[in-house]
Amino acid sequence: MAECVNDSDAEIRISYGDYVVLKRGDVFKSVQIENKKKVIFEKQWFFLDNAVGQLYGSMFEIEAGGSLKLKAAKHSGDSLDSKEAGQDNRHIVDDGRSQKLTRDDIETLKEQGLKGQEIVQQLIDNSTTFKDKTEFAQEKYIKKKKKKYESDIKILKPSTRLLAMMYHGREPGKICHLRYDTLAQILTLGNIHAGSKIIVFETCAGLVLGSVMERMGGYGSVIQMYPGGGPTRAGMESFGFPSHFHETLHEFPLCKVNTLLAGTLDLSEKDADSQATGSGNGRSEASQETSGVSEEKNSEPQNMEVSVDPQGEMRRVEKERLREQRAQEKKVKMEEKRKKLASAAALLEGRNADGLVIASRFHPCAVLMGLLKFVAPSRPFVVYCQYREPLIECYTKLREQGGAISLRLTDSWLRHYQVLPNRTHPVLLMSGGGGYLLSGTTVAADAAKARSQHKSEEPVAKRLKLDEISSSCDISA
């Protein structure tokens with residue numbers, strides 16, 4: 001699949017500290033550019049220092065020693081296509097003897113400093129069957145050898161599409177096998193746009209979170225609900241967002257949702273625990289110091305003439321200073337965490353979120369029913385799951401309890417096509433499935449209850465007996 005480079009990205013230059021996406025063939029990797037940092041990509045190692053100052057979308061060639069060299073744009077005269085071609089491949093026998101160069105010869109060419117394009121040309125010249133192949137077979141042969149011997153990489157600016165393709169190609173289990181076209185549908189069905197307030201619960205390494213933040217453009221609020229001790233944001237950090245994007249991001253633990261709904265959320269709970277732990281540590285240290293003092297007092301009559309060691313005193317003072325510094329740093333971190341929790345709780349207490357996005361490896365039913373209470377009426381929500389059965393349970397639950405309309409359970413189907421002159425056809429290998437999506441729109445709970453009560457209070461139409469019908473017919477006659 002060809003990559004797209006925006007006009008705005010083409011004018012941005014690479015600098016230290018930037019997150020970039022390396023592309024070689026159909027393989028991607030996300031790295032951060034650091035000074036003299038060794039990068040290993042597709043069994044090759046190199047340094048990205050020479051890429052600093054160049055434009056995004058530039059092509060580089062890996063030279064000896066791991067340095068990068070900017071590669072000039074290809075010209076029409078640089079093509080390796082052969083002028084002679086056969087009519088068909090019926091007389092070509094794959095017996096392994098058509099190539100004169102051995103593996104040792106190719107390694108010798110590499111040691112002599114020949115570049116990938118020159119090695120490919122040597123392979124073409126020493127192939128006895130290349131000229132007998134058809135034009136299409138020759139192009140396929142050249143493409144295969146270029147991929148193997150040419151060491152060219154392209155540096156691109158991170159985007160949702162590139163990172164989704166990278167994760168799906170390298171580690172699909174980390175993102176719950178979320179395919180990039182399904183991710184695009186999540187952003188569309190969730191109506192993600194700038195200035196909105198979106199609740200996100202995902203266990204896809206932060207990819208969905210980063211995609212939502214990119215679509216919002218640094219305007220609005222994103223509340224990340226996370227399980228466990230802290231949020232996972234490796235995929236979000238790979239986007240390389242500026243600082244003002246992070247100011248729109250808030251976090252709230254999933255284990256405190258019920259207390260927030262009940263109005264019993266205690267923001268100083270963790271601080272109290274930490275203070276208790278700190279006081280316990282202080283008591284233990286104080287007990288150790290008092291025991292040390294008593295030992296010194298006990299040993300004092302025996303060692304009246306022993307002088308105080310100045311170095312030991314300095315070490316004791318230094319340890320005391322470091323302990324106080326660590327305690328102060330811990331106190332500052334706990335205060336920052338408490339403020340973040342308070343700000344996220346203030347956003348959720350309004351119960352006026354503009355959308356809800358769930359993409360998790362956990363069963364989504366309980367999470368969906370709990371988080372929908374924070375979403376305002378007439379707002380979209382979307383739930384992703386790799387399997388269909390959990391979403392069917394969510395669909396049934398929403399139909400029974402109400403509070404949502406326009407419920408749709410869908411799956412996406414994707415297949416790539418090769419589009420070339422005289423040989424356009426679908427690619428044989430394709431993705432087996434892209435997961436399932438449950439989407440809908442929230443409605444006011446009071447209106448839903450009133451509507452259900454109105455339906456239940458309607459009198460059932462009385463069924464007439466056969467004798468009554470016949471008697472009415474006789475009277476009319």
Side-chain angles (χ1 to χ4, degrees), residues 3 14-24 27-35 37-42 45 48 56 153 155-184 186-187 190 192 198-218 221-255 333 336-337 340-341 344 357-362 364 367 384-386 434-435:
E3 70 282 347
I14 305 169
S15 59
Y16 283 112
D18 290 351
Y19 282 90
V20 298
V21 175
L22 307 179
K23 180 179 184 295
R24 184 180 178 187
V27 183
F28 301 88
K29 184 176 182 179
S30 175
V31 296
Q32 186 180 17
I33 296 183
E34 298 179 9
N35 188 18
K37 179 184 177 182
K38 187 177 182 180
V39 178
I40 300 176
F41 181 44
E42 288 294 288
W45 63 271
L48 294 173
Y56 279 102
I153 61 169
I155 299 181
L156 302 171
K157 190 173 180 60
S159 65
T160 298
R161 186 182 60 85
L162 291 177
L163 292 176
M165 292 174 65
M166 179 194 75
Y167 272 105
H168 190 265
R170 297 174 66 92
E171 299 170 316
K174 283 190 175 181
I175 59 172
C176 304
H177 296 267
L178 175 63
R179 209 169 52 197
Y180 39 90
D181 62 309
T182 308
L183 178 58
I186 290 176
L187 299 177
I192 310 299
I198 305 297
I199 301 175
V200 179
F201 174 67
E202 58 110 342
T203 57
C204 299
L207 176 64
V208 178
L209 176 66
S211 304
V212 171
M213 293 177 64
E214 184 192 47
R215 179 67 66 91
M216 295 177 64
S221 301
V222 181
I223 307 168
Q224 182 187 10
M225 315 296 293
Y226 63 88
T232 303
R233 296 174 177 174
M236 185 271 291
E237 292 174 355
S238 298
F239 281 84
F241 292 129
S243 58
H244 71 276
F245 274 67
H246 296 273
E247 295 175 358
T248 65
L249 179 60
H250 307 270
E251 58 188 49
F252 193 84
L254 195 66
C255 60
K333 288 182 180 179
E336 291 179 355
K337 192 170 184 179
K340 290 181 180 179
L341 184 65
V357 177
I358 298 176
S360 170
R361 66 178 184 272
F362 303 112
V367 179
Y384 166 80
C385 187
Q386 186 182 353

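Computed from a prediction, not measured in an experiment: that's the story for all the values here. In what follows, every heavy atom counts, from backbone to side chain, and hydrogens, waters and symmetry copies are set aside.
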Please round to the nearest 0.5 Å and tell me the distance separating atom CD of Q386 and atom NE2 of H177.
4.5 Å
Polar side-chain atom of T182 near backbone of G435 as donor-acceptor pair, under 3.5 Å
no
Just verifying a value: how many Å separate L178 CG and Y384 OH, rounded to the nearest 0.5 Å?
5.0 Å
Answer whether the closest heavy-atom distance between the side chains of V357 and I192 falls below 4.5 Å.
yes
By side-chain contact (heavy atoms from CB on, under 4.5 Å) - contacts of R170 (at least two apart):
V27, K29, F41, M166
Please round to the nearest 0.5 Å and tell me the distance separating atom CG of L22 and atom CD1 of I33.
8.0 Å
For A344 against H250, the heavy-atom pair lying closest together
CB-CB, 4.1 Å
State which residues pass salt bridge (charged side-chain N to carboxylate O under 4.0 Å, His left out) with R233; sequence neighbours excluded, sorted by chain then number.
E251
Here the gap from M225 atom CE to L254 atom CG, rounded to the nearest 0.5 Å, amounts to 5.5 Å
Qualifying residues under side-chain contact (heavy atoms from CB on, under 4.5 Å), relative to A205, sequence neighbours excluded
Y167
What are the two closest heavy atoms between S211 and L207, and how far apart are they?
OG-O, 2.8 Å
My understanding is that only residues two or more places apart in sequence, or in another chain, count here; which of them pass salt bridge (charged side-chain N to carboxylate O under 4.0 Å, His left out) with R179?
D181
Measuring from atom CE of M216 to atom CG of L187, what distance do you get when rounded to the nearest 0.5 angstrom?
11.5 Å
Looking at side-chain heavy atoms only, is the closest gap between E202 and L209 below 4.5 Å?
yes
Nearest heavy atoms of L163 and G235, plus distance in Å
CD1-O, 4.2 Å
Please step through side-chain contact (heavy atoms from CB on, under 4.5 Å) for the pair I155 and L48, ending with a clear verdict.
CA-CA 10 Å; I155 299 181; L48 294 173; 4.2 Å; yes
Which pair of non-hydrogen atoms, one from P158 and one from V21, has the smallest distance, and what is that distance?
CA-CG2, 3.8 Å
For S159, enumerate each residue passing the side-chain contact (heavy atoms from CB on, under 4.5 Å) test, keeping only those at least two apart in sequence or located in another chain.
R161, L162, E214
Residues at least two apart in sequence or cross-chain that pass salt bridge (charged side-chain N to carboxylate O under 4.0 Å, His left out) with K174, listed by chain then number, are E171
Are any non-hydrogen side-chain atoms of Y56 and V20 less than 4.5 angstrom apart?
yes
What donor-acceptor contacts under 3.5 angstrom involve side-chain atoms of residues 236-247, with partners at least two apart or in another chain?
unit_1	atom_1	unit_2	atom_2	d
S238	OG	A234	O	3.1

Please identify each residue that fulfils side-chain contact (heavy atoms from CB on, under 4.5 Å) with T248, with sequence neighbours left out.
none
Minimum-distance pair of heavy atoms, taken over all atoms of W45 and I40:
CB-CG1, 4.1 Å
Would V31 and Y19 satisfy side-chain contact (heavy atoms from CB on, under 4.5 Å), going step by step from the backbone distance to the final call?
CA-CA 6 Å; V31 296; Y19 282 90; over 6 Å; no
Once you measure the plane-to-plane angle for F362 and F201, does it fall in the parallel (<30°), tilted (30-60°) or perpendicular (>60°) bin?
parallel
Specify the closest pair of heavy atoms between P227 and T203, including all atoms of both residues, with the distance to one decimal.
CG-CG2, 4.4 Å
NZ of K37: more than 12 outside heavy atoms within 6.0 angstrom?
yes
